[in-house]
Amino acid sequence: MSIKTNLLKIKSQLPNHVTLVAVSKTKPVSDLMEAYDAGQRIFGENKIQEMVDKHEQMPKDIQWHMIGHVQTNKVKYMAEFVDLIHGVDSLKLLKEINKQAQKHNRIIKCLLQIKIAKEDSKFGLSNNDALDVLISDDFIDLKHIKVVGLMGMATFTENMKQIKDEFINLKTTFDILKTHNKDLKIISMGMSGDYQLAIDCGSTMVRVGSSIFGARNYN
Ligand SMILES: *Cc1c(COP(=O)(O)O)cnc(C)c1O
């Protein structure tokens with residue numbers, strides 16, 4: 001099936017309040033352009049350099065989302081254009097994003113990544129640490145970032161019950177944190193294998209890669 005067919009099929013399944021991020025990591029610009037020509041304008045990448053290269057080559061009405069883990073020293077390369085950073089997991093990183101955004105006179109939107117998976121390998125803040133960030137004086141001083149929601153990655157497992165529990169945890173955390181910060185609107189959860197379940201659990205933004213572009217080849 002073509003990228004266009006895959007994309008249109010997935011879009012037809014999404015409720016209106018759910019935003020689709022087309023995760024295009026490792027894929028060539030020609031593949032992204034197929035999705036672009038089919039109407040897709042939001043693309044997600046997990047490596048800053050790759051996103052910068054694609055941004056340079058592609059139309060300027062694309063919204064670029066950084067969905068991977070962000071190293072503080074690389075924020076400067078994307079600060080001029082990145083639309084939303086999903087994986088923010090510390091106040092230190094928020095401060096750096098704020099500093100770089102200020103240089104470009106921008107306000108960069110961010111999601112706090114919450115650790116919902118049982119695995120050690122997944123990054124993210126605990127619920128309490130996320131709350132501490134949002135209510136800290138340092139955070140309130142940051143005028144060039146805006147935390148607009150939360151992001152989570154479920155455990156890599158076939159066990160749908162476990163994935164569902166983790167998604168429900170993120171939704172619960174969102175509902176609690178929202179009482180402290182009214183800017184929180186987005187819950188980024190759900191990928192190719194579980195986006196329907198994620199939407200049932202309250203997701204408002206799904207990050208779908210292989211179901212649109214096909215399996216990735218990392219060689
Ligand atoms: C790669 C990736 C996705 C997309 O995964 P698929 O299973 O290909 O849909 C979603 N979110 C993050 C953070 C990713 O790194």
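Order of listing sets the numbers, starting from 1, for every ligand and every atom in it. Side-chain atoms are counted along with the backbone in the values below, which use heavy atoms only and exclude waters and symmetry mates.
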Check your understanding: Is it true that E50 and K54 make a salt bridge, defined as a side-chain N closer than 4.0 Å to a carboxylate O?
Key -> yes
Check your understanding: If you count only heavy atoms, which residues are under 4.0 Å from ligand 1?
Key -> V23, K25, I67, M151, M153, M191, S192, R207, V208, G209, S210, R216
Check your understanding: Do other residues, nucleotides or ligands put more than 12 heavy atoms under 6.0 Å from K178 NZ?
Key -> yes
Study note, to complete from the structure: Residues pairing under side chain to side chain donor-acceptor pair (under 3.5 Å) where one sits in residues 157-166, two or more places apart or in two chains, turn out to be T155-Q162, T155-E166, K161-D165, Q162-E166
Exercise for review: Using the ring pair (Phe, Tyr, Trp, His ring centres under 6.0 Å) rule, collect all pairs that involve residues 83-118, keeping only residues at least two apart or in two chains.
Suggested key: H65-H86
**Study point:** side chain to side chain donor-acceptor pair (under 3.5 Å) partners of residues 203-212, not counting sequence neighbours, each pair once
**Key:** S188-R207, S192-S210, S192-S211
Review point. Do the charged groups of D37 and K4 touch, with an N to O distance under 4.0 Å?
Key: no
